[in-house]
Amino acid sequence: MGKIEWAMWANEQALAAGLILLTGGIVGVAGQFRDWEFAAYGVAAGVFICLLEYPRGKRNKGTSVERTGQYCLTVCVKAFGPVTSNYYVRAALHAALCVPGAFMLPTVLGCVCLAIASLIYLAAAVRGEQWQPILPKTETRERVGESIKEPPQNPPPRPPAELRRKRPEDLEGAAYVNPISVTANE
């Protein structure tokens, strides 16, 4: 059986938690709940978590599929260095961010999901995983046309090389000899 990459699951869980926290914060602010300031915090925290978690990290094995438009945020997240690439820091950050939202009903579900994501990040950190960005590959492809000096002169289907017409520089040698005998009535 393969080794589970916990960080991948934590990333999906945290992104969903950020969206749920954002939605709960919008509901809390729009509904003018008591202590709606916690809901405003939920909106800000939800946006921050979504921006932090949107870029997927590179997998250790297999293919890493990036999200649409991930490159811009990947560069921003990568700029923070060990603060964002270390999963111990992410686990502590998510655990701290989920506490204030637990004081209000619309943001409780987002906080519980974020606490679960924090635990999954902690499990990933204990197993030695670390966030690495998915950057575009800069492959240098060999040009196929480098070996071809000049393009073909006649369109396909082309006859075999020994049956092709010769260049008209040598008129005697340029005469085409048909290998198949052609007679009028056979």
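The residues of the chain are indexed from 1 along the displayed sequence.
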Worksheet entry | Closest non-hydrogen atom pair between Val27 and Pro106, with its separation | CG1-CB, 4.3 Å
Fill in: Nearest non-hydrogen partners of Gly28 and Trp36, listed with the distance
O-CB, 3.9 Å
Worksheet item: Closest approach of Ala40 and Val29, non-hydrogen atoms and distance?
Response: N-CG2, 3.5 Å
Worksheet item: More than 12 heavy atoms of other residues, nucleotides or ligands under 6.0 Å from OH of Tyr71: is that the case?
Response: no
Worksheet entry | Hydrophobic cluster membership, Leu93 vs Leu119, 4.5 Å side-chain cutoff | no
Worksheet item: If you look at every heavy atom in Ala17 and Gly110, which pair is closest and at what distance?
Response: CB-O, 3.9 Å
Worksheet item: Between Arg56 (side chain) and Ile134 (backbone), is there a donor-acceptor pair under 3.5 Å?
Response: no
Discussion item. Rounded to the nearest 0.5 Å, what separates atom CD1 in Ile20 from atom OG1 in Thr107?
Written reply: 12.0 Å
Worksheet item: Among Asn86, Val77, Asn11, whose side-chain contact (heavy atoms from CB on, under 4.5 Å) with Trp131 holds?
Response: Val77
Worksheet entry | CE-CD distance between Met8 and Gln13, expressed to the nearest 0.5 angstrom | 13.0 Å
Discussion item. Nearest 0.5 Å, please: how far is CD1 in Ile116 from SG in Cys111?
Written reply: 11.5 Å
Discussion item. Grouping I, L, V, M, F, W and Y whenever their side-chain heavy atoms are under 4.5 Å apart, do Trp9 and Val112 come out in a common cluster?
Written reply: yes
Worksheet item: Should His94 and Glu53 count as side-chain neighbours, where that means a heavy-atom distance under 4.5 Å?
Response: yes
Practice prompt. Locate the shortest heavy-atom distance separating Gln70 from Arg67; write the atom from each residue and the value.
Written response: OE1-N, 2.7 Å
Practice prompt. Ignoring hydrogens and angles, tell me if any N or O in the side chain of Ser118 forms a donor-acceptor pair with the backbone of Leu114 under 3.5 Å.
Written response: no
Practice prompt. With side-chain contact (heavy atoms from CB on, under 4.5 Å) as the test, would you mind laying out the steps for Phe103 and Val108 before giving the verdict?
Written response: CA-CA 7 Å; Phe103 295 116; Val108 167; over 6 Å; no
Item to complete: Would you check if the side chain of Ser85 reaches a backbone N or O of Gln130 as a donor-acceptor pair within less than 3.5 Å?
Response: no
Practice prompt. Decide if atom CH2 of Trp6 counts as having more than 12 heavy atoms of other residues, nucleotides or ligands within a radius under 6.0 Å.
Written response: no
Practice prompt. Show your reasoning for whether salt bridge (charged side-chain N to carboxylate O under 4.0 Å, His left out) applies to Glu129 and Arg90.
Written response: CA-CA 12 Å; Glu129 296 180 32; Arg90 280 198 188 192; over 6 Å; no
Item to complete: Give the cluster check for Leu51 versus Ile26: same hydrophobic cluster or not, with ILVMFWY residues linked at side-chain heavy-atom distances below 4.5 Å.
Response: yes
Item to complete: Could you grab the distance from atom CZ of Phe48 to atom CG of Leu22, nearest 0.5 Å is fine?
Response: 14.0 Å
Fill in: Nearest heavy-atom neighbours spanning Cys50 and Gly18
SG-C, 3.6 Å
Worksheet item: Can you get from Leu52 to Leu21 by hopping between Ile, Leu, Val, Met, Phe, Trp and Tyr side chains that sit under 4.5 Å apart?
Response: yes
Worksheet item: Quick one: do Arg127 and Glu5 make a salt bridge, cutoff under 4.0 Å?
Response: no
Discussion item. When you measure from the side chain of Thr23 to the backbone of Leu19, do you find a donor-acceptor pair of N or O atoms at a distance under 3.5 Å?
Written reply: yes
Response to the item:
Rounded to the nearest 0.5 Å, the CG atom of Leu122 sits from the OH atom of Tyr87 at a distance of 13.0 Å
Discussion item. Rounded at 0.5 Å granularity, tell me how far CG in Asp35 sits from OH in Tyr41.
Written reply: 15.0 Å
